[in-house]
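Position 1 is the first residue of the sequence, and the numbers go up from there.
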Amino acid sequence: MSETPDSAVQTAADDTVRAYIEQHRAAFLDDLAEWLRIPSVSAQPEHDGDVRRSADWLAAKLKETGFPVTEVLATPGAPAVYAEWPSGDPDAPTVLVYGHHDVQPAAREDGWHTEPFEPELRDGRLYGRGAADDKGQVFFHTLGVRAHLAATGRTAPAVNLKLLVEGEEESGSPHFRALVEAHADRLAADAVIVSDTGMWSETTPTVCTGMRGLAECEIRLYGPDQDIHSGSFGGAVPNPATAAARLVAALHDADERVAVPGFYEGIAELTDAERELVAELPFDEAEWLRTAKSRAPHGEAGYSTLERVWARPTAEVNGIGGGYQGPGGKTIIPSSAMVKLSFRLVAGQDPDRIEKLVTAWVATQVPDGIRHEISFSAGTRPCLTPLDHPALQSVVRAMGRAFGQKIRFTREGGSGPAADLQDVLGAPVLFLGISVPSDGWHAPNEKVEVDLLLKGVETTAHLWGDLGAAGR
């Protein structure tokens, strides 16, 4: 694993990159603010036209940046944007950058101090919906590639550079995998860079190395054909609400391990080196609990809180119900009950296999006289980049040059469409994001730290040359 070079060691190229970024800083922020004014809210049908306008705006801006190929790709939902800039070098590797141009809903009455789609630059921060998630982190690639050319004297990037910017990420990416499959030949790459993530903090720059996958299901349990009197029939017929409670209680063992047989088979266990890297991070568990609005840590025995969130699979009860829910009592045996479960998955687990295992396990938990139905949503695969992967080391070196300090490593506990890119294209997924927790993704007063945004620009300016050299 490479170490970040000493920040005192600077090259003429580093100086050129910084000077170029400073020279174009104002115009870059003006352009980004213009894009942020487009309320590209994919979840709200009344903004369908705005999402299309956002895609058209980005395609035009990428053309202006220098990409010779830009295209708005239609889907059954919101459009995506594709761009391509060939290197011209026959041995240059191909890199695909992923991000999204749609944003979460936002309104002044949600608690915003300013209008969410009227961006405002204040105290070194750019406020506005999408500033961090994800327009800002997509847009820094436009200035980054131009700074790369300025520093190297090239007329085209040192890599075959492709961008895919989807328009439905904030709506669950319902058409994304089909889009990637339909354009797999065009999207083919040696590495994928995902710029839809963040860092540990303003003072601790990090690279994310993986995201967990996801499997979700709803279980419906049916007993009597209607609610029946608990005095006349109680104790003599099975109760679906009781069956639901017992099923939930059986989901974990005494060590909080998931009790579904075969659930842990084949998973990528944390190595000692990876656990040491996690332990290096300045984690304040008490502060983390305050953020979680919780009172005590809890989870699988033998693992730290960060290890549980990032690198261990989980099973969670998202909802449970059945029977009478109104005021006072109603002495019945309910006719039905339900449970909603979600499973976060780690490398080595496949959502289709987990679906089969959970389906078989649930059948063993349901007593005679209870009929059940189980349905799963589309699963998301986990993705993990090995710490010694050459492309990851290029990202680390580029960030180290930009930030002038050691780069540490994190993972993401959540899930996203990055795994579809890895699965369909067969390329390693690398994460390059500069957002920090205080940026308030999905919350009122979303912002991005301008200095960090420009560090993202600087990182990409170094990255394409490093990847180009490493790929030869």
Can you name the side chain to side chain contact (heavy atoms under 4.5 Å, CB included) partners of T460, sequence neighbours left out?
F140, H141, L432, W464
Kindly write out the residues that satisfy side chain to side chain contact (heavy atoms under 4.5 Å, CB included) with A191, not counting sequence neighbours, or none if the list is empty.
A391, P428, L430
Are [X] and [Y] ion-paired here, with the side-chain N under 4.0 Å from a carboxylate O?
X	Y	value
E307	R312	no
D352	K356	no
K61	E34	no
R177	E181	yes

Step by step, work out the side-chain hydrogen bond (donor to acceptor under 3.5 Å, both in side chains) result for W288 and T305.
CA-CA 10 Å; W288 181 86; T305 295; over 6 Å; no
One pair to check against salt bridge (Lys or Arg N to Asp or Glu O under 4.0 Å): K455 and D451. What are the steps and the verdict?
CA-CA 6 Å; K455 288 297 184 186; D451 286 347; over 6 Å; no
E458 and side chain to side chain donor-acceptor pair (under 3.5 Å): which single residue from H148, R18, R401 fits?
R18
So [X] and [Y], would you call those rings parallel, tilted or perpendicular, with 30° and 60° as cut-offs?
X	Y	answer
F176	Y98	perpendicular
F139	F28	parallel
W200	F283	perpendicular

Residues [X] and [Y]: side-chain donor-acceptor under 3.5 angstrom:
X	Y	result
R344	S415	yes
E166	S173	yes
R154	S87	yes

Ring-face cation contact, Y20 with R146, 6.0 Å cut, 45° max:
no
Tell me whether [X] contacts the main-chain N or O of [Y] through its side chain, where contact means a donor paired with an acceptor under 3.5 Å.
X	Y	answer
R411	G210	no
N160	A92	yes
N318	S342	yes
R212	V309	yes
K162	R186	yes
T359	E355	yes
D134	H100	yes
T385	V429	yes
E446	G130	yes
T65	F67	no

Side chain to side chain contact (heavy atoms under 4.5 Å, CB included) for T271 and E276? Distances and angles first, verdict last.
CA-CA 9 Å; T271 65; E276 289 173 3; over 6 Å; no
Taking C-beta and beyond as the side chain, do [X] and [Y] meet within less than 4.5 Å on heavy atoms?
X	Y	result
L387	L392	yes
V81	T70	no
L163	L96	no
Y264	P313	yes
T314	V258	no
R397	L463	no
D31	L143	no
Q422	R381	no

Are more than 12 heavy atoms, taken from residues, nucleotides or ligands other than K63, located less than 6.0 Å from that residue's NZ atom?
yes
Check this for me: D272, atom CG, are more than 12 non-hydrogen atoms of other residues, nucleotides or ligands nearer than 6.0 Å?
no
Begin with the C-alpha distance, continue with both residues' side-chain angles, and end with the deciding distance and a verdict on side chain to side chain contact (heavy atoms under 4.5 Å, CB included) for E280 and K406.
CA-CA 12 Å; E280 283 183 3; K406 181 178 180 180; 3.7 Å; yes
For the [atom1] atom of [X] and the [atom2] atom of [Y], what is their distance to the nearest 0.5 Å?
X	Y	atom1	atom2	result
L452	D439	CG	CG	7.5 Å
F263	F343	CZ	CZ	6.5 Å
E170	R129	CD	CZ	8.0 Å
T114	N445	OG1	CG	6.5 Å
Q44	E46	CD	CD	4.5 Å
D48	R53	CG	CZ	13.0 Å

Under the salt bridge (Lys or Arg N to Asp or Glu O under 4.0 Å) criterion, do K340 and E216 qualify, and how do the steps go?
CA-CA 8 Å; K340 291 179 181 286; E216 298 176 272; over 6 Å; no
Steps toward side-chain hydrogen bond (donor to acceptor under 3.5 Å, both in side chains) verdict (S435, Q137)
CA-CA 8 Å; S435 183; Q137 300 203 96; 4.8 Å; no
Where is the tightest heavy-atom contact between [X] and [Y], given as atom of each residue plus distance?
X	Y	result
A402	T459	CB-OG1, 3.4 Å
P444	D110	CG-O, 3.4 Å
S40	S54	CB-CB, 3.6 Å
M399	P205	CE-CB, 4.3 Å
V260	L251	CG2-CD1, 4.4 Å

Could you go through the side chain to side chain contact (heavy atoms under 4.5 Å, CB included) check for L73 and L164 one step at a time?
CA-CA 9 Å; L73 301 179; L164 179 63; 4.2 Å; yes
With side chain to side chain contact (heavy atoms under 4.5 Å, CB included) as the criterion, how do R52 and D56 come out once you've worked through the C-alpha distance, each side chain's angles and the decisive distance to 0.1 Å?
CA-CA 6 Å; R52 174 72 198 205; D56 290 339; 3.3 Å; yes
Apply side-chain hydrogen bond (donor to acceptor under 3.5 Å, both in side chains) to the pair K447 and S438, showing each step before the final yes or no.
CA-CA 8 Å; K447 56 84 176 172; S438 63; 3.0 Å; yes
